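Computation of the quantities below employed the complete heavy-atom set of this structure, encompassing side-chain atoms and omitting hydrogens, waters and symmetry-equivalent molecules. The shown structure was predicted, so the numbers you read here are calculated from the model rather than taken from an experiment. Residue numbers count from 1 along this sequence.
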Amino acid sequence: MFIHENSALLKGLISQLSCVDSQSSLSLTGDTASNLLGLRDLLQLEMITGDFSYGQIVDPLGPLLTSADGILLTRRGSLFLN
């Protein structure tokens with residue numbers, strides 16, 4: 001994924017998340033597979049917390065997410081809200 005597209009994805013995900021009301025990966029708008037990649041990036045950056053399930057498939061950055069529930073922005077993640 002290109003830097004510009006990845007940045008737009010992460011911004012889009014952050015705009016849908018909250019520090020108070022948890023979300024599921026299925027409730028987020030956009031392509032589910034792309035959202036899961038973006039959520040993995042946000043998790044690695046410690047910008048979100050939640051219950052994350054990983055599958056058997058691994059790419060150079062690690063295992064791919066299959067689902068995520070109870071997603072909340074961390075304090076760090078909330079700094080990027082508009």
S.K.: Rounded to the nearest 0.5 Å, what separates atom CG in L81 from atom OG in S15?
M.R.: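 With rounding to 0.5 Å, CG (L81) is 8.5 Å from OG (S15).
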S.K.: Let me confirm one number: the CG-OG1 distance from L65 to T32, rounded to the nearest 0.5 Å.
M.R.: 12.5 Å
S.K.: Got a second to check how far L39's CG is from F52's CZ, nearest 0.5 Å?
M.R.: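 The distance works out to 6.5 Å.
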S.K.: When you group the ILVMFWY residues by side-chain heavy-atom contacts below 4.5 Å and let the links chain together, are L17 and L79 in the same group?
M.R.: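 Same cluster: L79 reaches L17 through Ile, Leu, Val, Met, Phe, Trp or Tyr contacts under 4.5 Å.
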S.K.: Should the heavy atoms of other residues, nucleotides or ligands under 6.0 Å from CG of L61 be counted, would the total exceed 12?
M.R.: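 Counting neighbours around CG of L61, more than 12 heavy atoms of other residues, nucleotides or ligands fall under 6.0 Å, so yes.
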S.K.: Out of the candidates N35, L42, D31, only one should pair with L9 under the side-chain contact (heavy atoms from CB on, under 4.5 Å) rule; please name it.
M.R.: N35
S.K.: Shortest non-hydrogen contact from S27 to S24?
M.R.: OG-O, 2.8 Å
S.K.: Please round to the nearest 0.5 Å and tell me the distance separating atom CG of L13 and atom CG of D41.
M.R.: 9.5 Å
S.K.: Quick one: pull up CG in L72 and OG in S22 and give me the separation to the nearest 0.5 Å.
M.R.: 5.5 Å
S.K.: Closer than 3.5 angstrom, by distance alone: can the side chain of S25 be matched with the main-chain N or O of S67 as a donor-acceptor pair?
M.R.: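 Not a single qualifying donor-acceptor pair exists.
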S.K.: Got a sec, which residues hit side chain to side chain contact (heavy atoms under 4.5 Å, CB included) with L45, two or more places apart in sequence or on another chain?
M.R.: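 For L45, the residues satisfying side chain to side chain contact (heavy atoms under 4.5 Å, CB included) (neighbours in sequence not counted) are M47.
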S.K.: Can a donor-acceptor pair be found, under 3.5 Å and without considering hydrogens, that links the side chain of S78 to the backbone of R75?
M.R.: yes
S.K.: Please determine which of I71, L43, T74, L73 meets the side-chain contact (heavy atoms from CB on, under 4.5 Å) test together with T49.
M.R.: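 Per the side-chain contact (heavy atoms from CB on, under 4.5 Å) rule, the option paired with T49 is T74, out of I71, L43, T74, L73.
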S.K.: Nearest heavy-atom pair of L64 and R40: which atoms, and what distance?
M.R.: CD2-NH1, 3.3 Å
